[in-house]
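The figures here come from the full heavy-atom set of this structure, side chains too, leaving out hydrogens, waters and symmetry mates. In what follows, chains carry the letters A, B, and so on, assigned in the order in which the sequence lines appear, proteins first and then strands, with residues in each chain numbered from 1.
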Amino acid sequence: MRLSQYFLPVLKETPKEAEIVSHQLMLRAGMIKQQAAGSYSWLPLGFKVLNKVQRIIEEEQNRSGAVQLLMPTIQSADLWRESGRYDAYGKEMLRIKDRHERDMLYGPTNEEMITDIFRTYVRSYKDLPLNLYHIQWKFRDEVRPRFGTMRSREFLMKDAYSFDLDKESATAAYYRMFVAYLRTFARMGLTAVPMQADSGPIGGDLSHEFIILADTGESAVFCNKDLLEKPIPPLDTDFRGDLEPIFRDWTSLYAATEEMVDEDRFTSEVPEDKRVSARGIEVGHIFYFGTKYSKPMKATVTGADGKEIEVHMGSYGIGPTRLVPAIIEAFHDDAGIIWPVSVAPFEAVLINLKAGDEATDAACAEIYAALAAAGIDALYDDRDMGAGGKFATADLIGIPYQLIIGPRGLKSGEAEIKHRGTGERETLPIADAVERIRALVVPQRLDAI
RNA sequence: CGGGGUAUAGCUCAGCCUGGUAGAGCACUGGUUUUGGGAACCAGGGGUCGAGUGUUCGAAUCACUCUGCCCCGACCA
């Protein structure tokens with residue numbers, strides 16, 4: 001993409017409404033525009049990141065055996081009356097009437113609807129297990145939206161719903177999502193720690209929040225340091241096999257948020273040199289809830305013995321529109337964002353230091369074409385402006401590698417590569433630059449971990 | 001939903017206290033000179049001062065009402 005043809009409205013100054021660094025940087029980098037309290041447009045750069053985040057989520061959901069579909073944003077109140085949640089949900093639910101005065105609502109979640117789909121089509125125990133997911137916009141009329149898209153009213157959510165015959169197989173479904181989540185966040189460069197969460201009236205230990213550590217996180221978290229270095233389940237993990245050992249391995253080490261922490265357990269179970277006490281952001285939540293919806297909504301299958309069985313369900317959420325700022329909270333410096341390659345809006349930026357100069361333009365055009373041919377998703381800063389502004393823009397929007405071409409280096413046939421994350425610079429022959437970028441980028445795409 | 005702020009140009013803000021023809025920097029447009037870390041100069045364009053009502057000869061400025069947005073708390077992917 002040539003920057004001169006792109007739409008990248010970067011801001012030099014920080015808009016005053018933004019409090020936390022990810023919100024400030026998303027506004028400054030031209031990723032989002034606020035349209036109302038808790039409601040944002042995703043501008044091209046932000047949308048590109050959001051899509052990369054979604055793609056990783058989809059790949060890992062699919063790998064785990066979940067099946068994608070898409071449900072509408074606007075729902076009928078009828079289903080919610082059936083589950084009893086129409087009255088229970090409160091003012092967070094945006095209620096709407098259509099032209100026939102029918103009660104509608106903008107979905108804050110989809111348990112009712114997915115249960116309706118399930119009961120319509122699934123009749124036999126032979127059709128289980130089943131895990132259906134979608135990525136859709138949701139609306140919760142938060143009393144106080146804040147922190148940009150970290151806590152917006154309208155937000156994107158991946159939610160998966162598992163259906164099983166009994167608690168045992170539902171637990172296996174839970175483990176599959178647990179493992180899928182570990183892989184999903186790792187592929188975004190994040191170290192996400194599963195922490196025991198409040199499992200509500202169902203009880204048991206089948207509710208976990210996935211927390212990433214960031215200085216500006218919204219809640220305090222406590223965990224064993226070993227969790228931060230634990231290798232994630234590899235690409236060839238067999239999701240049809242027994243995943244309980246992985247689950248046990250991860251949950252054997254202490255980890256809890258401030259809501260759930262037990263100081264005595266933390267100090268007794270975790271050696272002093274392994275105690276991590278930090279801030280964290282919740283980026284995912286998985287939950288087993290048994291027959292909470294299948295019972296009132298009559299979602300049953302016929303078992304092998306001919307009897308009707310209420311299915312056991314779980315739901316598994318990840319918020320892509322929250323993950324984007326969460327990644328920024330984890331990866332930034334004073335100059336701007338530092339994207340992990342796997343979610344970076346562009347993998348490299350080609351900086352033409354003297355746009356308009358015949359030789360420099362020609363060299364850059366050639367390199368830009370070579371980057372495309374090498375499969376690198378590159379931005380070409382061909383704008384006619386000073387070098388300082390280009391460097392500042394490249395740093396701000398956080399492109400992992402800057403390939404810098406100017407008349408000075410051109411004379412000696414040299415290019416410069418700046419590593420956004422480390423600040424490291426290397427000078428190399430122009431002829432080797434594209435291959436060097438490719439060698440740097442490809443392993444960091446993390447699509448093969 | 002309680003408490004507290006705030007609203008003036010695309011952005012960051014000054015002007016308000018003490019009423020008298022709406023400002024700065026950045027951004028934008030044209031030009032000249034520049035060009036390896038947000039350049040310099042010249043010339044321009046752009047605002048019913050959030051909305052309404054009132055006080056006044058006169059309101060961005062004072063009073064009242066409403067709305068938007070932000071922060072703290074309670075709540076949440």
Side-chain angles (χ1 to χ4, degrees), chain A residues 9-20 23-24 27-28 30 33-39 53 57 89-93 107-110 135-160 181 185 192 197-198 207-212 218-219 257 259 280-287 315-326 334-336 351-357 360 381 383-397 402 404-412 414-416 418 423 425 427:
Chain A
V10 298
L11 305 176
K12 196 178 252 181
E13 290 174 281
T14 303
K16 64 176 173 180
E17 75 262 19
E19 178 79 356
I20 63 170
H23 189 192
Q24 294 172 347
L27 290 167
R28 286 193 54 210
K33 179 189 187 303
Q34 179 169 341
Q35 302 293 164
S39 171
V53 165
I57 293 170
Y89 215 93
K91 298 182 86 171
E92 271 199 346
M93 183 156 78
T109 180
N110 287 70
I135 298 178
Q136 178 59 291
W137 291 95
K138 304 203 177 313
F139 191 93
R140 291 183 193 166
D141 198 356
E142 299 269 355
V143 183
R144 190 184 161 209
R146 67 184 123 170
F147 303 150
T149 66
M150 182 84 80
R151 179 75 175 282
S152 48
R153 291 197 294 175
E154 188 175 9
F155 59 99
L156 201 56
M157 174 107 120
K158 185 287 298 184
D159 37 347
Y181 275 38
F185 299 124
D198 186 3
S207 177
H208 285 85
E209 292 179 359
F210 285 76
I211 304 280
I212 67 162
E218 54 202 333
S219 57
T257 62
E259 293 84 20
I281 300 169
E282 182 185 350
V283 290
H285 195 163
I286 61 177
F287 204 93
S315 75
Y316 315 88
I318 294 180
T321 46
R322 162 174 284 192
L323 263 171
V324 174
D334 289 345
I351 298 179
N352 180 341
L353 287 177
K354 193 165 185 177
D357 176 79
T360 317
D381 190 347
R383 294 172 301 170
D384 181 15
M385 63 177 286
K390 296 193 176 195
F391 291 132
T393 298
D395 285 349
L396 173 64
I397 67 175
Q402 300 172 11
I404 300 161
I405 303 292
R408 205 167 76 193
L410 212 51
K411 271 181 206 154
S412 49
E414 284 177 333
E416 183 180 325
K418 177 182 166 184
R425 297 157 185 281
T427 302

J.: Quick one: are Phe210(A) and Ile286(A) in side-chain contact, heavy atoms under 4.5 Å?
T.: yes
J.: With heavy atoms of chain A within less than 4.0 Å as the criterion, where does contact along RNA chain B begin and end?
T.: C1(B) to A77(B)
J.: How is Lys418(A) classified with respect to the nucleic acid when contacts are heavy atoms under 4.0 Å: base, sugar-phosphate, or nothing?
T.: base
J.: For Gly317(A), which contact category applies under a 4.0 Å heavy-atom criterion: base, sugar-phosphate, or nothing?
T.: nothing
J.: Could you let me know what G37(B) is paired to, Watson-Crick or G-U wobble, both distances under 3.5 Å, or none if it's on its own?
T.: none
J.: Could you check Leu410(A) against Thr149(A) and say which one's nearest nucleotide on RNA chain B is further toward the 5' end?
T.: Leu410(A)
J.: Please report the distance separating the C1' of C28(B) from the corresponding atom of U21(B), rounded so that it comes out in whole Å.
T.: 26 Å
J.: Say you pick atom C1' in G30(B) and the same atom in C72(B); how far apart are they, in whole Å?
T.: 49 Å
J.: Across all strands, who's sitting opposite A63(B) as a Watson-Crick or G-U wobble pair, both distances under 3.5 Å?
T.: U53(B)
J.: Indicate yes or no: at least one non-hydrogen side-chain atom of Glu282(A) is less than 4.5 angstrom from one of Thr257(A).
T.: no
J.: When the P atoms of G2(B) and U61(B) are considered, how many whole Å apart are they?
T.: 28 Å
J.: Across the strands shown, which category fits Leu323(A) at heavy-atom distances under 4.0 angstrom: base, sugar-phosphate, nothing?
T.: nothing
J.: For the C1' atoms, the ones on A59(B) and on A74(B), what distance do you get once it is rounded to whole angstrom?
T.: 41 Å
J.: Taking atom types as modelled, is there a side-chain donor on Gln136(A) or Asp159(A) under 3.5 Å from an acceptor on the other?
T.: no
J.: Return the nucleotide paired to C75(B): Watson-Crick means purine N1 to pyrimidine N3 with N6-O4 or O6-N4, wobble means G-U with N1-O2 and O6-N3, both under 3.5 Å.
T.: none
J.: Before you tell me yes or no, could you show the steps for His285(A) and Ser207(A) under side chain to side chain donor-acceptor pair (under 3.5 Å), namely the whole-Å CA-CA distance, both residues' side-chain angles and the distance that decides it to 0.1 Å?
T.: CA-CA 7 Å; His285(A) 195 163; Ser207(A) 177; 3.2 Å; yes
J.: What integer number of Å spans the P atoms of U12(B) and C70(B)?
T.: 13 Å
J.: Base, sugar-phosphate or nothing for Glu209(A)? Non-hydrogen atoms, less than 4.0 Å.
T.: nothing
J.: Assign Arg28(A) to base, sugar-phosphate, or nothing according to its heavy-atom contacts below 4.0 angstrom with the strands shown.
T.: base
